[in-house]
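Here is the structure we will look at, set down as structure tokens.
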Protein chains: 2
Amino acid sequence: MTGRPTSRDVAREAGVSQSTVSLVLGGKWTGRVSPATAAGVRAAAARLGYRPNRAARNLRLGTTRTVLLMVPSLTSPFFGPVYRGAARVAARHGFGVVVYEWPDLPGPAGSPFAAPHEAIDGILASSMAVEAVGGFPGTPAVMLDSDPDGPVPSVGLGVADGMRAIIAHLAALGHTRFGHVAADVDQWTFHSRADALAAAVGAVPGGALVRAGCAIDVASAKAAAGRLLDGPHPPTALVCDDDQISAGAYKAARARGLDVPRDLSVTGFDDVLLATALEPELTTVRLPAEDLGAAGMAALLELLDGGCPAPRTLPGELIVRSSTAAPPRGTR
Amino acid sequence: MTGRPTSRDVAREAGVSQSTVSLVLGGKWTGRVSPATAAGVRAAAARLGYRPNRAARNLRLGTTRTVLLMVPSLTSPFFGPVYRGAARVAARHGFGVVVYEWPDLPGPAGSPFAAPHEAIDGILASSMAVEAVGGFPGTPAVMLDSDPDGPVPSVGLGVADGMRAIIAHLAALGHTRFGHVAADVDQWTFHSRADALAAAVGAVPGGALVRAGCAIDVASAKAAAGRLLDGPHPPTALVCDDDQISAGAYKAARARGLDVPRDLSVTGFDDVLLATALEPELTTVRLPAEDLGAAGMAALLELLDGGCPAPRTLPGELIVRSSTAAPPRGTR
DNA sequence: CCCGCTTGGTCATACGTATTACTAATCCGA
DNA sequence: TCGGATTAGTAATACGTATGACCAAGCGGG
């Protein structure tokens, strides 16, 4: 017995049959096994340090009680909490979570989704295109923060409302000239932000909007914000698609001798750690990342259970900190 | 055939036996199956959208080709890259990675390690105590950034050298009064930093060291740094255990009207995203997180292969940016 | 012409578990 | 006392794969 002990080893140790071991350890022994025998089995299992073979159990049951969480990048501070929320709910139902980072980790076969390494029961895809789940035909899936009108059930985030709240806040302070430092990422959530932003600015009397795109990193954001500030009609408020982009906007402002928020207001999105680490602390929209993961997992588990989860949207919340103020005099 | 197709379905479709399908798709058919038959099998598999059942394969082979990555918290920006490096190397060898966040996600049985959800072949434990792998007796494990003298093979980070480099840099600038804003976390890496720091300061002529502990979050770090700055002999340089802690130190300084780096030098550790998002950009020690994950995975794979991986230590690198300068006049 | 060898493929089995069908023993009411 | 019901447990089997043992042709050399 060099390898790990099996249920048969436990059976021999306890002087019963393998079936009995399985019944006892499976918890379905009520009325089939005497308490004394059950105790004996448990003791034997403990003595041998037995733990059931997952592969065998999965094969037998035809279910892995594992779901795949697909995220664009684990490095982003947004997805840690998403994972945590999802994993917590999953654990409560005896499910495990496997993370799949995409597109940074293409599968071995070239197609990124050719081979998720684990056998999975369902998919939770965060901030991804619907095609992302196309690699798993027939596997139940729930999308997070994606197009709610897509063919796959989803849990949404109130990003449009968040954008509207930002503009309302800035407009109330007196701003009319807005700059959108936009993430050049082809995800629904960013398209949605852009659309809501444009519409909201359109509703502001005398509102004007300029836009510059960038990657989601500080240097790229700094350059994009700089382009807006150096333009012919520089905005008095920079609306950023992401907290990290806001950090770039801060840098662009400082490089031009502009004080935030006295000379320039800046807003973020997400409310990740960075928002309060920056100086001044960032006015941003808090997205409930952990709740998103939890709600998505709950929906997926309901789906796996044969149910039909109701569409949900989790609202964002405008957090006003110190990076926004009235525009400087003489700019309106 | 309501469920997913099996190798037997493919066999029927191709007019061969199940064994043949397995041989062909397993890639070991050279000299056993004619090219024509192999092509037919492949075509049939493609037509049916066949993908082998992982659970069955795992059971049969007795190996899952999956390793468990244990990290304290996925929310920390340090562990995303660690995961990525590990996953990349693993994928190249046909292995998958499952993440287990600890201690935030205790297992169902109360004991955090009672039940990792997947069957695993090995463990990569990052910045954790050796006890962390005790829950998996007999499972090959490699520790990352942990005590190299422990009973488990490990890949180290040159954190002690990093601390020495920081002190050397600050001492060269003229600092003698150092404050250590220390992470109150019982991990080897932080003990190691503290020891190296104390020794290095002891070697500075006239060197003095005060210390304040905090949790790894901005608010707690701000408070701790404040305690040092308000003490009887305020340091001229704050050495922080972590970039995030440095952000707190910045805030404490600003709250007291101190300019970084004119009135106070601040250093970080890790060189995560935050380091360049802050103003001024942070002098810190870059830890090669992605390389760490990659090297750890390589060592683990070697271990799984029956080899005996040589101990390695990846050096940190001092990155001098704008948060350090000579101490203000009159302070020495 | 027969035997050994190669080629191309199939049969049977085992991995470890969960569960259904079955049996042996005990019990209780009439 | 007897027979149905209950209790306590076992035997057998299937999940889907990979692989070692086996086997049927074909073929060429002696």
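Throughout, protein chains are lettered first and strands after them, A, B, ... in sequence-line order, and every chain is numbered starting at 1. Owing to the predicted nature of the structure, the values given are computational and were not obtained by experimental measurement. Because only heavy atoms are used, hydrogens play no part in the values below, and waters and symmetry mates are left out as well, while side chains stay in.
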Think T20(A) has a side-chain N or O under 4.0 angstrom from the OP1 or OP2 of dT10(D)? yes
Whether S19(B) contacts dA18(D) is assessed here as follows: a side-chain N or O lying under 4.0 Å from the phosphate OP1 or OP2. Is that the case? no
With no hydrogens and no angle check, just 3.5 Å: does a side-chain donor-acceptor pair link [X] and [Y]?
X	Y	result
S22(A)	S19(A)	no
H191(A)	D147(A)	no
T64(B)	N58(B)	no
R84(A)	S73(B)	yes

Kindly say whether [Y] contributes a backbone atom to a donor-acceptor pair with the side chain of [X] at under 3.5 angstrom?
X	Y	result
R4(A)	R51(A)	yes
R65(B)	H93(B)	yes
T20(B)	Q18(B)	no
D270(A)	V272(A)	no

Select from V16(B) and R60(B) the residue whose nearest nucleotide in DNA chain C is closer to the 5' end of that strand. V16(B)
If you round to the nearest 0.5 Å, how far is OG1 of T189(A) from CG of D145(A)? 3.5 Å
May I ask you to verify whether the side chain of Q18(A) and the base of dA11(D) hold a donor-acceptor pair under 3.5 Å? no
[X] [atom1] to [N] [atom2], straight-line distance once rounded to whole Å:
X	N	atom1	atom2	value
R8(A)	dA11(D)	CZ	P	11 Å
R32(B)	dC23(D)	CZ	P	15 Å
R51(B)	dT17(D)	CZ	P	12 Å
L25(B)	dT19(D)	CG	C1'	15 Å
N58(A)	dT17(D)	CG	P	14 Å

So what does [X] hit on the nucleic acid, given a heavy-atom distance under 4.0 Å: a base, only sugar-phosphate, or nothing?
X	value
L61(A)	sugar-phosphate
S22(A)	base
V21(A)	nothing

Between which nucleotides of DNA chain C, 5' to 3', does chain A make heavy-atom contacts below 4.0 Å? dG16(C) to dA21(C)
Check the interface with nucleotides 24-27 of chain D: list each N/O to N/O pair with the protein under 3.5 Å, or write none.
none

Candidate nucleotides dA8(D), dT17(D), dT10(D), ranked by approach to the side chain of R57(B) - the nearest: dT17(D)
